[in-house]
Amino acid sequence: MKSTSLLIPPVRKRLVSRPRLARKLEEGMETKLTLVSAQAGYGKTTALSEWARQCGCPVAWISLDKYDNDWSAFWSGVWAAIREKLPGFGESIDFLLEPASAASIDTAMSAFLHELIAVHRDFVLILDDYHVIDHAAVHEAIRYMLERLPPHIHIYIASRTELPFPTARLLAKGEMNAIRVEDMRFELEEGVVFFRETTDLSLTERQVAELFRQTEGWVSGLQLAAISLKRSGNIADTISQFNGRQRHISDYLLEEVFGHLSAPLREFLLATSVLNRMNGEMCLAVTGAADSQDRLEQLEQLNLFIVPLDDRRHWFRYHHLLSEFLQQLCAREHAGLWRQSHHRAAVWHEREGLYEEAVEHYIKAQQADDAVRLIDVIMLELMPLKGNVLLRWINALPESSYAHKPTFELYYISKSLMDGDWNQGLQRAQRAERRFEAMKAFIPDPDWKQLMGNLYYLCGILSYLQQNLTLSSEYFELVEQCLPEGSSFQMSSSKRYVGHEGFMDMLSLPHDLHESEQFQLRWIKTWEKKKNYPFVGYFYITYVLLLYEWNRLEEAELYVMEAIGREDLRTNVWIWIHLGIASSWIQRAQGRAGQAFEALDQLGARTDSPDGEVIGKRIRAEQAQLLLSQGQPERAYEWLLRSGMSHLDEVTPRYFEEYLIMARVLAADNRTEDAQLLLEELERLADQEGRLRGRIKLKLAQSMALRRSDRPREAFAPLGMALRLSEPAGYIRSYLDEGPIMLEMLGELVNELPKEQQAAVQPQASLRYVQSILEAARSGSVASHPPLANEALTEQEEKVLDLLVEGFIYKEIAVRLGIAVDTVKFHMKNVYRKLGVNNRTQAIERAQRYRPQK
């Protein structure tokens with residue numbers, strides 16, 4: 001039955017020719033988007049279907065309904081519609097239908113657009129009744145696609161409302177063709193033709209003009225008027241009774257038309273109004289009328305707002321105006337008939353194997369038990385692709401109706417977990433825990449352990465995310481008792497990288513990292529011998545990052561290699577990528593930059609995921625960070641130019657790390673203001689997302705940017721804030737990774753700063769903590785940077801060095817260049833670093849020996 005939504009609706013034989021509207025529709029072949037926007041009854045579908053049959057190129061059509069208001073359902077329908085016209089289309093992008101793709105719209109839509117580019121001729125996609133879609137990710141995907149649509153692909157959208165995403169840019173660039181109410185209204189001449197050729201009514205032009213005045217050229221209003229006038233004994237009096245605007249006229253005329261039908265036909269209309277689409281067999285099941293097919297055809301002959309859906313006149317639907325009128329009337333004044341019709345429709349759909357439609361009808365018939373019975377049958381099938389539909393059903397049912405179906409609760413809780421609604425998820429899980437424990441006597445012991453083990457597993461994760469490590473351990477102990485081999489929820493493999501935004505910075509979750517160390521290590525040791533336990537990968541990643549931050553590099557390398565050696569972790573792309581990135585950090589910190597580069601190259605080349613573009617973006621950013629650490633900012637800046645990113649972009653949680661690296665590259669390229677602007681945006685995001693570790697790194701990046709600027713002393717304020725935030729956690733590596741400039745600042749903080757500046761920083765962090773970072777650097781556990789002979793001096797650094805060679809002291813150089821003495825010192829430290837020297841004498845000697853004479 002659903003396939004009827006992919007057919008171009010047939011048009012009536014007696015149809016008023018509308019050349020002006022047809023030309024307007026044809027103009028859409030010169031644009032990306034044609035929006036046909038008008039309220040119900042203006043003939044949007046009729047106009048589009050007539051044009052589509054005559055446009056001369058392939059047209060994919062989908063009539064949307066409430067079942068499509070879900071990421072997977074929507075794109076499944078679009079995909080199927082296109083394949084009706086282009087067999088084989090999109091065979092490589094079936095991942096687009098997965099709910100996870102909604103979290104990576106750029107990746108999903110880029111793949112979809114790549115398939116559309118391969119279509120070598122004009123192609124039209126029509127989305128009818130788009131107003132039924134209110135899924136934010138679908139809207140964003142359509143917006144993204146329209147901005148990048150190839151010129152031979154044209155999208156037509158029919159909607160009762162304006163589009164819920166910005167279209168001003170498309171309109172300004174001439175890439176949007178807007179058809180609105182004023183274009184859809186009949187002109188007076190068309191109205192005259194309509195009454196003369198399609199209604200068999202003999203009206204004067206004055207009478208037609210009066211109807212036009214009353215209906216404002218509203219097509220359905222004229223049709224309703226024609227039906228009413230045919231029964232009128234006095235046409236002039238009937239016309240004079242019309243008053244008010246469209247909503248009033250439609251109510252009046254529908255009641256007028258409906259009231260003049262025979263009682264059996266009225267009951268037939270009310271009963272069948274519950275159906276989205278119908279044929280004679282379905283109507284027989286709902287009404288008991290043996291002549292249902294004849295009645296459908298009779299309604300069509302009466303022009304009573306019934307729309308055929310196929311050329312054989314086998315499938316029909318009611319016009320939206322009539323359908324809404326009938327449903328409101330039936331639910332309001334004929335409640336018994338309303339529930340009975342939904343019940344019979346549910347039984348028919350269930351018998352035909354159309355379970356989704358059956359569930360909808362059972363819910364509206366207030367038969368919760370039957371709805372729950374069917375949902376239980378199809379839940380596992382719907383969970384991967386139609387999670388929002390399941391949630392809508394569960395929310396529509398009283399909790400008491402599915403209290404005996406624990407899988408409902410488990411699904412609801414797991415959805416809360418993935419959606420980031422952790423507090424509500426844990427509360428619901430703990431309520432479910434009490435109910436499930438009461439069921440023990442009524443469930444076989446193996447089934448009960450499976451049920452409780454899965455619930456304890458979800459409770460354990462939610463407790464961890466709520467930073468309650470003690471409670472989390474208690475739940476994981478219960479999982480071990482019930483399911484020694486693990487919960488079914490953590491066994492599945494995943495090629496997806498996206499959809500983990502809430503888990504990107506798990507080291508930020510626990511406030512006490514020493515408590516976290518014991519927690520992570522305990523459960524790694526508990527689960528490390530299990531062969532199929534991919535969940536342990538999240539603990540490996542967090543523990544390795546913790547060891548890395550504490551500069552315990554040998555231990556970190558030991559655990560990261562242990563994790564990489566597990567076969568079960570290779571099946572989870574997100575875990576695998578983050579283990580690889582952590583491995584490259586460790587190698588870089590140990591002075592093995594070449595191996596770190598190679599590891600990142602191999603990580604990207606060996607990853608099989610539909611999210612390859614997002615993964616590649618992260619890996620290339622990590623390579624740029626590595627180039628910076630090796631004193632090659634020019635090559636890092638080349639990455640930035642190729643990345644397609646800008647410091648003015650709207651930053652999303654998924655690309656937090658990439659934009660942080662961009663800020664570092666901008667600062668290294670002396671674009672300090674751009675770097676600071678981006679860092680401020682990232683800081684707002686970090687505060688909003690609760691990323692403590694991210695905030696620390698941001699403060700360090702701000703400090704480094706200021707140190708490289710002409711305001712070097714201002715760098716100590718964000719540095720002091722970073723030290724205050726990181727001291728309780730004992731961070732070391734974040735400071736060492738910044739390199740010699742950061743170590744210089746920390747050294748000045750301890751030894752060289754004026755007392756008033758030390759006082760401004762010291763309340764935020766103890767000098768003992770600063771000294772521990774410097775001691776870690778001196779211990780040799782951090783690789784020293786090689787002389788940066790390939791890093792050019794800036795123009796200002798060249799001027800400072802020239803004057804130094806000529807024998808000027810710092811104060812004289814400051815006067816000659818019009819800068820502060822502190823700024824001269826800052827530039828000289830950069831000169832020392834870039835020349836690989838330690839003092840003024842060595843700098844002069846090296847400059848005289850290797851620099852060309854000026």
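Bear in mind the structure is a predicted one, so any value in this text is a computation, not a measurement.
- Residues Lys530 and Glu485 are not paired through a salt bridge, judged by the lack of any N-O separation under 4.0 Å between the basic side chain and the carboxylate.
- Side-chain atoms of His152 come within 3.5 Å of backbone atoms of Val119 as a donor-acceptor pair (strictly under, hydrogens ignored).
- In plain terms, the two heavy atoms of Ile619 and Leu600 that are nearest each other are CG2-O, 3.5 Å.
- Across all non-hydrogen atoms, the minimal contact from Ile564 to Arg570 is O-NH2, 3.5 Å.
- In terms of the side chain to side chain donor-acceptor pair (under 3.5 Å) criterion, Tyr156 has no residue partners (sequence neighbours excluded).
- Shown are Leu64, Leu97, Ile62; of these, the side-chain contact (heavy atoms from CB on, under 4.5 Å) with Phe74 is made only by Leu64.
- Atom CZ of Arg148 has more than 12 neighbouring heavy atoms from other residues, nucleotides or ligands inside a 6.0 Å radius.
- The aromatic rings of His135 and Trp71 are tilted relative to each other, their planes meeting at an angle between 30° and 60°.
- Contact check on Glu147 versus Lys173 returns no salt bridge, with no Lys/Arg side-chain nitrogen under 4.0 Å from an Asp/Glu carboxylate oxygen.
- A heavy-atom distance below 4.5 Å is found between the side chains of Arg53 and Ile8.
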Check your understanding: Which is it for Asn177 and Thr31 under the side chain to side chain donor-acceptor pair (under 3.5 Å) test, yes or no, and what are the steps along the way?
Key -> CA-CA 7 Å; Asn177 176 32; Thr31 65; 5.2 Å; no
Practice item. Evaluate the criterion side-chain contact (heavy atoms from CB on, under 4.5 Å) for residue pair Val124 and Cys57; output intermediate values, then yes/no. Key: CA-CA 7 Å; Val124 174; Cys57 69; 3.7 Å; yes
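- Here the side chain of His314 pairs no donor or acceptor atom with the backbone of Pro308 at under 3.5 angstrom.
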Exercise for review: Determine, stepwise, if the pair Ser110 / Tyr144 fulfils side chain to side chain donor-acceptor pair (under 3.5 Å).
Suggested key: CA-CA 9 Å; Ser110 293; Tyr144 182 97; 3.2 Å; yes
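- Not a single donor-acceptor pair under 3.5 Å links the side chain of Asp649 to the backbone N or O of Val651.
- A salt bridge links Lys32 with Glu175; the closest basic N to acidic carboxylate O contact falls under 4.0 Å.
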Review point. Given Tyr655 and Asp106, is the side chain to side chain donor-acceptor pair (under 3.5 Å) satisfied, shown in steps?
Key: CA-CA 12 Å; Tyr655 294 122; Asp106 48 358; 2.8 Å; yes
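- Across all their heavy atoms, Ile105 and Ala141 have their closest contact at CG2-CA, 3.6 Å.
- In this structure, a donor-acceptor pair under 3.5 Å is absent between the side chains of Thr46 and Glu50.
- Minimum interatomic distance between Ile413 and Gly425 (heavy atoms only, all atoms of both residues): CG2-O, 4.0 Å.
- In this structure, the separation between CD on Gln623 and CD1 on Ile661 is 10.5 Å, given to the nearest 0.5 Å.
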Exercise for review: Assess whether side chain to side chain donor-acceptor pair (under 3.5 Å) is satisfied between Tyr402 and Thr407, documenting all intermediate values.
Suggested key: CA-CA 9 Å; Tyr402 53 83; Thr407 50; over 6 Å; no
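- Arg620 has no carboxylate O lying under 4.0 Å from a charged side-chain N of Glu613, or vice versa, which leaves the two without a salt bridge.
- Annotation: the span from Leu25 atom CG to Leu48 atom CG amounts to 5.5 Å, rounded to 0.5 Å.
- Under the 30°/60° scheme for interplanar angles, the aromatic rings of His139 and Phe165 are found to be tilted.
- With contacts defined as side-chain heavy-atom distances shorter than 4.5 Å, the pair Ile615/Leu603 does not qualify.
- Using a 30° and 60° split on the angle between ring planes, Tyr538 and Phe535 fall in the tilted class, from 30° to 60°.
- The side-chain tip of Lys85 does not point at the ring of Phe123 from less than 6.0 angstrom away and within 45° of straight on.
- Lys617 places a side-chain heavy atom less than 4.5 Å from the side chain of Met645.
- Here the straight-line distance linking atom CD1 of Ile133 with atom CG of Asp68 works out to 5.5 Å at 0.5 Å rounding.
- Of all non-hydrogen atoms in Ala358 and Leu374, the two that sit nearest each other are CB-CD1, 3.5 Å.
- Counting only heavy atoms from C-beta outward, the side chains of Ile82 and Glu84 never approach each other to under 4.5 Å.
- Taking 4.5 Å as the limit, every side-chain heavy atom of Val36 sits out of range of all side-chain heavy atoms of Ile157.
- If you take CZ on Phe112 and CG on Leu96, they are separated by 6.5 Å, rounding to the nearest 0.5 Å.
- A 4.5 Å side-chain heavy-atom check between Met282 and Leu275 finds at least one atom pair inside the cut-off.
- The heavy-atom pair separating Ala621 from Glu658 by the smallest distance is CB-CG, 3.8 Å.
- Without hydrogens or angle criteria, Asn395 side chain to Leu391 main chain gives a donor-acceptor distance under 3.5 Å.
- Between the side chains of Thr161 and Tyr130, no donor N or O sits under 3.5 Å from an acceptor N or O.
- No more than 12 heavy atoms of other residues, nucleotides or ligands sit less than 6.0 Å from atom NE2 of His114.
- Gln602 is linked by a side chain to side chain donor-acceptor pair (under 3.5 Å) to Glu598, counting only residues two or more places apart in sequence or in another chain.
- Side chains of Trp51 and Ser49: a donor-acceptor N/O pair is absent below 3.5 angstrom, by distance only.
- Under the 6.0 Å distance and 45° angle rule, Arg83 counts as a cation-pi partner of Trp79.
- A salt bridge links Asp65 and Arg277; the closest N-O separation between the charged side-chain nitrogens and carboxylate oxygens is under 4.0 Å.
- The side-chain heavy atoms of His361 and Trp348, taken from C-beta on, include no pair separated by under 4.5 Å.
- Put simply, the side chain of Ser414 gets close to the backbone of Tyr411: a donor and an acceptor are under 3.5 Å apart.
- Distance check, rounded to the nearest 0.5 Å: CG of Leu685 to CD of Glu650 gives 10.0 Å.
- With a 4.5 Å cut-off on side-chain heavy atoms, Thr571 and Leu569 do not count as touching.
- When each of Glu350, His342, His349 is tested with Tyr362 by the rule side chain to side chain donor-acceptor pair (under 3.5 Å), just one qualifies, namely Glu350.
- In this structure, the side chain of Asn454 engages the main chain of Gln450 through a donor-acceptor pair within 3.5 Å.
- Taking CG of Leu170 as the reference point, atom CG of Leu149 lies at 9.5 Å (rounded to 0.5 Å).
- With 3.5 Å as the limit, one finds no donor-acceptor pair spanning the side chains of Ser416 and Gln424.
- Between Glu360 and Arg392 there is a salt bridge, with a side-chain nitrogen of the basic residue lying less than 4.0 Å from a carboxylate oxygen of the acidic one.
- Asp376 places no side-chain N or O within 3.5 Å of a backbone atom of Arg373 that could act as its donor or acceptor partner.
- Asp447 pairs by the side chain to side chain donor-acceptor pair (under 3.5 Å) definition with nothing, not counting sequence neighbours.
- Formation of a donor-acceptor pair under 3.5 Å by the Trp422 side chain with backbone atoms of Leu417 is found in this model.
- Formation of a donor-acceptor pair under 3.5 Å by the Arg618 side chain with backbone atoms of Val614 is not found in this model.
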